[in-house]
Amino acid sequence: MTAVKIKSLTKKFNQLAAIDNISLEIDKGEIIGLIGPDGAGKTTFLRLLAGLLKPSSGSINLEGIDVAKNPQKIKEWIGYMPQHFSLYGDLNVSENLKFFADLYGVPSDKFKERKKELLRFSGLSPFEDRLARNLSGGMQKKLVLACNLFHTPEILLLDEPTTGVDPISRKELWDILFQLNNQGTTLLITTPYMD
């Protein structure tokens, strides 16, 4: 079954085509890697899929929803992890998780159980009270990922999730991503790394 269907997608900034006539179908449960150097359009592509940018032409359907026409409706289906740290550095791990749970409308009675699950899953349980800005780069990436998993998205859009992360943290993050994929999550990952 198709999770993502992209047809003749183009995004121009003035006369520059950042994305030029891409067509692609991604089945549920697939892992797709977009590999390319900085400036190749990878981030623009993910922002289009997340409904943060409107295409110049073409169409994107996620789970049967037209992204350009219903950008708010797809939020329940996706998790989007931007390339750069996007949480509140002056909040601790637990507070950042609570903030995202509230954004996703997770009921209070389910918050504690889901928080405990995500902390264990990401390996952040011992760091629950640490300020986000005081986490290592790898732990920050795991926190961003955990925050995006509160609503159990069907599709994860990950923009260079292992850039700037040490090799051990990179392996740990990939292990988490493979576990998510084994549970049926579709992953679309951008990276400049061939490995």
Side-chain angles (χ1 to χ4, degrees), residues 1-11 18-19 21-36 40-55 58-87 96-97 99-106 110 114-115 117-118 121-122 140-163 165 170 172-193:
M1 185 162 185
T2 303
V4 180
K5 188 172 186 176
I6 299 162
K7 188 172 180 186
S8 304
L9 183 65
T10 298
K11 177 63 181 176
I19 304 296
N21 197 31
I22 294 177
S23 294
L24 174 69
E25 285 191 23
I26 303 169
D27 289 335
K28 285 184 185 250
E30 278 193 298
I31 299 175
I32 299 293
L34 297 174
I35 302 169
K42 300 182 305 291
T43 297
T44 299
F45 186 69
L46 289 189
R47 288 180 179 167
L48 286 163
L49 293 179
L52 301 173
L53 293 174
K54 287 203 178 273
S59 64
I60 307 165
N61 280 277
L62 295 181
E63 299 288 336
I65 300 165
D66 185 314
V67 174
K69 292 179 182 172
N70 301 294
Q72 289 302 319
K73 192 170 182 182
I74 63 159
K75 303 301 184 238
E76 65 191 69
W77 295 98
I78 66 166
Y80 174 61
M81 185 174 160
Q83 182 178 355
H84 301 289
F85 184 62
S86 59
L87 299 177
N96 270 290
L97 289 169
F99 178 77
F100 272 78
D102 290 345
L103 281 178
Y104 288 122
V106 176
K110 293 187 179 181
R114 187 73 174 135
K115 176 182 139 186
E117 201 176 283
L118 289 170
F121 182 68
S122 63
Q140 287 180 348
K141 297 274 187 173
K142 287 188 229 176
L143 177 57
V144 174
L145 182 58
C147 287
N148 276 285
L149 295 176
F150 252 105
H151 63 305
T152 318
E154 298 284 325
I155 301 167
L156 270 178
L157 307 173
L158 304 145
D159 196 3
E160 299 191 18
T162 59
T163 300
V165 175
R170 186 178 297 158
E172 291 172 350
L173 193 60
W174 276 112
D175 288 344
I176 291 170
L177 294 176
F178 285 130
Q179 285 179 49
L180 289 168
N181 181 251
N182 287 335
Q183 296 167 7
T185 306
T186 304
L187 304 175
L188 186 57
I189 303 164
T190 69
T191 183
Y193 301 129

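Please read these numbers as outputs of a predicted model, since none were measured by experiment.
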Distance, nearest 0.5 Å, that separates NZ of Lys141 from OG of Ser122: 15.0 Å
Test item: Lys42 side-chain N/O and Leu34 main-chain N/O as donor-acceptor pair under 3.5 Å: no
Value rounded to 0.5 Å, distance of CG in Asn21 from CD1 in Ile6: 12.0 Å
Whether over 12 other heavy atoms sit under 6.0 Å from Lys28 NZ: yes
Any donor-acceptor pair under 3.5 Å from Arg47 side chain to Pro82 backbone: no
Atom pair OG1/CD of Thr162 and Gln83 - distance to nearest 0.5 Å: 10.5 Å
Any Leu49 side-chain heavy atom under 4.5 Å of Tyr80 side chain: no
Which atom of Leu145 lies closest to which atom of Leu177, heavy atoms considered: CD2-CD2, 4.0 Å
Close side-chain approach of Thr10 and Ile19, heavy atoms under 4.5 Å: no
Least distance between heavy atoms, Phe121 atom then Gln179 atom: CE1-OE1, 3.0 Å
Heavy-atom pair of closest approach, residues Ala68 and Asp66: N-OD1, 3.0 Å
Flag side-chain contact, heavy atom, 4.5 Å: Ile155 against Glu63: yes
Minimum-distance pair of heavy atoms, taken over all atoms of Asn96 and Cys147: O-SG, 3.8 Å
Interatomic distance, Glu30 atom CD to Leu187 atom CG [nearest 0.5 angstrom]: 10.5 Å
Criterion side-chain contact (heavy atoms from CB on, under 4.5 Å) on Leu87 and Phe99, from CA distance to verdict: CA-CA 10 Å; Leu87 299 177; Phe99 178 77; over 6 Å; no
Heavy-atom closest pair, residues Leu48 and Lys54: CD2-C, 3.7 Å
N/O donor-acceptor pair under 3.5 Å between Lys115 side chain and Lys110 backbone: no
Contacts of Ala40 that satisfy side-chain contact (heavy atoms from CB on, under 4.5 Å) - sequence neighbours left out: Pro37
side-chain contact (heavy atoms from CB on, under 4.5 Å) evaluation trace for Phe150 with Val106: CA-CA 7 Å; Phe150 252 105; Val106 176; 4.0 Å; yes
Closest heavy-atom pair and its distance - Pro71, Ile74: O-CG1, 3.1 Å
Check: Phe45 and Ile60 side chains under 4.5 Å, non-hydrogen atoms: no
Under 3.5 Å: donor-acceptor pair, side chain of His151, backbone of Ile78: yes
Derivation and outcome, side-chain contact (heavy atoms from CB on, under 4.5 Å), residues Thr43 and Leu46: CA-CA 5 Å; Thr43 297; Leu46 289 189; 5.9 Å; no
Pairs satisfying side-chain hydrogen bond (donor to acceptor under 3.5 Å, both in side chains), at least one member in residues 180-192, at least two apart: Asp159-Thr190
Point-to-point distance, once rounded to the nearest 0.5 Å, from CE of Met81 to NZ of Lys142: 11.0 Å
From Leu173 atom CG to Ile189 atom CD1, the distance as rounded to the nearest 0.5 Å: 8.5 Å
Set of residues satisfying salt bridge (Lys or Arg N to Asp or Glu O under 4.0 Å) with respect to Lys11, sequence neighbours excluded: none
Working for side-chain contact (heavy atoms from CB on, under 4.5 Å), residues Leu156 and Leu149: CA-CA 9 Å; Leu156 270 178; Leu149 295 176; 3.8 Å; yes
Short side-chain to backbone donor-acceptor contact, Lys5 and Ser23, under 3.5 Å: no
